[in-house]
Amino acid sequence: MADGHFDYLVIGGGSGGYAAARTAREICGKVGIIDGSDELGGLCILRGCMPSKTLIYSAEVLHLARQGGGFGLEIPQAAADMAALQQRKRRIIGEFADYRRGQLESGRFTLFRNRARFVDPQTVELDDGRRLTADQFMIATGSVVAVPPVPGLAEVPFWTSDEVLDLDFLPRKVIVLGGGVVACELAQFLHRIGSEVVQIQRSPHILTGHPPETADVVAGALSEEGIELFTGTKIHEVDYDGENFRVIFDHDGTRMEVAAPHLLNALGRRPASDKLGLEEAGVETTDGGHIVCDEMQRTSNPRVRACGDVAGPHEIVHVAVMQGELAARDATGRTAAPIDYDALTTVVFTDPQLATAGRTAASLEKAGADFLTASYAFDDHGKSILMNAPHGHVRVSCDPQGRVLGAECVGRDAGELIHAMGVAVSLKADLRDLLKVHWYHPTLSEVWTYPLEELAGRL
């Protein structure tokens, strides 16, 4: 017998789960949220987006201070104060976490500080033995750090992003395993605060989900700053002798070995789905553990939907929120449109930043689409030159009629610049209309006018 019944029950109180609960509560009278984490707030606020970007920005300020001579400035000394960095991060993140906790504890929802697993298709059991049923469920449990089958990795006390984001001392040297977004962002952060960094990536390029020509700009900048970056490797062994980690790998046909007191495992994350009793719930998953969903976030169990990292296909916070809202609207009988992933915006917070909106030129070419594309380099653009930010370029792609299909930007503040093209992609704008905009000079944003003008001339 159930200890309670709900109109809508959410497992996971992070960004996606809260968005689903909030949207369901607009219609439903009884909404429950189950969250058994040590602290309320979710991955983004507590251990992901917000703490990492807070620290990355501090490291960027430090980097610019050290480059003061190039701007005609005399800055005798600039160094990281790790205690002060952490104090600032905790203050900022604490404000976000307090706000989210207040939302969850507001009384609009029944909050269970427990872990849960399904025992049948319409019942979950909490870790204190209570059982709950619901008309509709949302699974929003996020993801956890993955430990891929690298020999020896699972047996050594490696760091994850959690430990790096909580560092209160300056590591002398760190080996970073991985070349994805987290690996690249944190490798650059560590190097900029003063650590020696060796980064080892198995694929031929870093940031493999992005166009190689843009990822290579970031790779070049990381190497130029002093990060020892190895790509196209095969890792043979990881071990630890109590003082140093040792990584043995092949690179360009040569067996290599590096050692350091610290090792960051940034080889990816996996969906947090393995302890939810999904088989008992009749919820299908992929071999990698992602919950299989249709375009409305419905699973193979008609009572259950999923959103965010546990569902995919993109492990991005704004996508989790959009999925949660969509799923809750659909579950409560309201009109809802599937998410248009062809308008997806992505950002990597390295320096230079890398960002995309809509379809990349590489994906359009792979699909055999009929399109035009044009690019323009930052090293020929006035504002980026005076900012001493010459790395990178912008690219715009359109269909033969002039409708903007996608854009790419790698360079200073790309994460801010991309949204101009994100709006264009989402609204299916004609690039000739974009040229009617008052693009102010001198700004970084006006760099978009050059590929737009070239495409307009070709049309």
Side-chain angles (χ1 to χ4, degrees), residues 9-18 20-21 32-44 46-48 112-134 136-163 177-178 180-182 265-294 297-317 319-320 323-324 327:
L9 190 57
V10 179
I11 306 174
S15 299
Y18 173 71
I33 300 175
I34 305 169
D35 191 312
S37 57
D38 294 336
E39 185 178 356
L40 289 173
L43 176 65
C44 171
L46 299 176
R47 301 185 307 282
F112 298 92
R113 298 293 280 117
N114 300 91
R115 300 190 181 277
R117 60 177 291 113
F118 284 91
V119 293
D120 63 44
Q122 62 183 44
T123 308
V124 295
E125 182 176 84
L126 306 183
D127 53 14
D128 61 8
R130 286 179 292 175
R131 292 194 172 194
L132 308 174
T133 58
Q136 296 288 338
F137 293 89
M138 165 57 75
I139 300 174
T141 48
S143 61
V144 294
V145 172
V147 184
V150 173
L153 181 60
E155 286 74 50
V156 301
F158 56 76
W159 281 347
T160 69
S161 56
D162 291 357
E163 285 76 28
L177 299 183
V181 175
V182 173
N265 169 23
L267 291 169
R269 301 180 68 87
R270 61 177 178 82
S273 61
D274 54 347
K275 298 179 181 179
L276 295 174
L278 297 181
E279 186 174 348
E280 288 82 353
V283 173
E284 182 183 352
T285 61
T286 67
D287 290 341
H290 284 102
I291 295 175
V292 177
C293 296
D294 68 8
Q297 305 305 127
R298 306 181 190 109
T299 72
S300 51
N301 179 342
R303 291 179 179 269
V304 180
R305 288 166 172 76
C307 72
D309 291 3
V310 77
H314 304 286
E315 296 181 356
I316 303 173
V317 171
V319 171
Q323 289 175 341

* To do: State the CD1-CG distance between Ile34 and Asn114, to the nearest 0.5 angstrom.
  => 7.5 Å
* Structure fact -> When every non-hydrogen atom of Phe118 is compared with those of Ala281, the smallest separation belongs to CG-CB, 3.5 Å
* Asked: When you check the gap from the basic side-chain N to the acidic O, do Arg115 and Asp127 get nearer than 4.0 Å?
  -> no
* **Backbone N/O of Gly312 and side chain of Gln323: donor-acceptor pair under 3.5 Å** => yes
* To do: May I ask you to test the Leu40-Arg113 pair for a side-chain heavy-atom distance under 4.5 Å?
  => yes
* What pair of heavy atoms forms the shortest contact from Ser37 to Glu39, and how long is it? -> OG-O, 3.0 Å
* Asked: Quick one: are Leu43 and Arg269 in side-chain contact, heavy atoms under 4.5 Å?
  -> yes
* 4.5 Å side-chain heavy-atom contact, Val124 and Phe112 -> no
* Asked: If you measure from CG on Leu9 to CE on Met138, what distance do you get to the nearest 0.5 Å?
  -> 11.5 Å
* Asked: Got a second to check how far His290's NE2 is from Asp309's CG, nearest 0.5 Å?
  -> 7.0 Å
* Is a donor on one side and an acceptor on the other found under 3.5 Å between the side chain of Arg47 and the backbone of Ser161? -> no
* Structure fact -> In terms of heavy-atom contacts, Ile33 and Ala21 come closest through CD1-CB, 3.7 Å
* State whether the side chain of Ser300 and the backbone N or O of Gly282 hold a donor-acceptor pair below 3.5 Å, judged by distance alone. => yes
* Asked: After noting the C-alpha distance and the side-chain angles of Ile139 and Leu278, does the key distance pass the side-chain contact (heavy atoms from CB on, under 4.5 Å) rule?
  -> CA-CA 10 Å; Ile139 300 174; Leu278 297 181; 3.6 Å; yes
* side-chain hydrogen bond (donor to acceptor under 3.5 Å, both in side chains) assessment of Asn301 paired with Thr299 -> CA-CA 5 Å; Asn301 179 342; Thr299 72; 5.6 Å; no
* Mind checking whether Val147 and Phe158 have side chains closer than 4.5 Å, heavy atoms only? -> yes
* CD1 on Ile11 to CG on Leu276, rounded to 0.5 Å -> 6.0 Å
* To do: Say whether, by atom type as modelled, one donor and one acceptor occur between the side chain of Glu280 and the main chain of Asp120 under 3.5 angstrom.
  => no
* Pro121 and Phe137: which non-hydrogen atoms are nearest, and at how many Å? -> O-CE1, 4.3 Å
* Any side-chain heavy atom of Leu177 within less than 4.5 Å of one from Leu153? -> yes
* Asked: Does some side-chain heavy atom of Thr123 sit less than 4.5 Å from a side-chain heavy atom of Glu125?
  -> no
* Closest heavy-atom contact between Gly277 and Arg117? -> CA-NH2, 3.4 Å
* Structure fact -> Value for OG1 (Thr141) from CG (Asp35), rounded to nearest 0.5 Å, stands at 10.5 Å
* Structure fact -> In short, Gly16 meets Ala140 closest at the heavy-atom pair C-CB, 4.3 Å
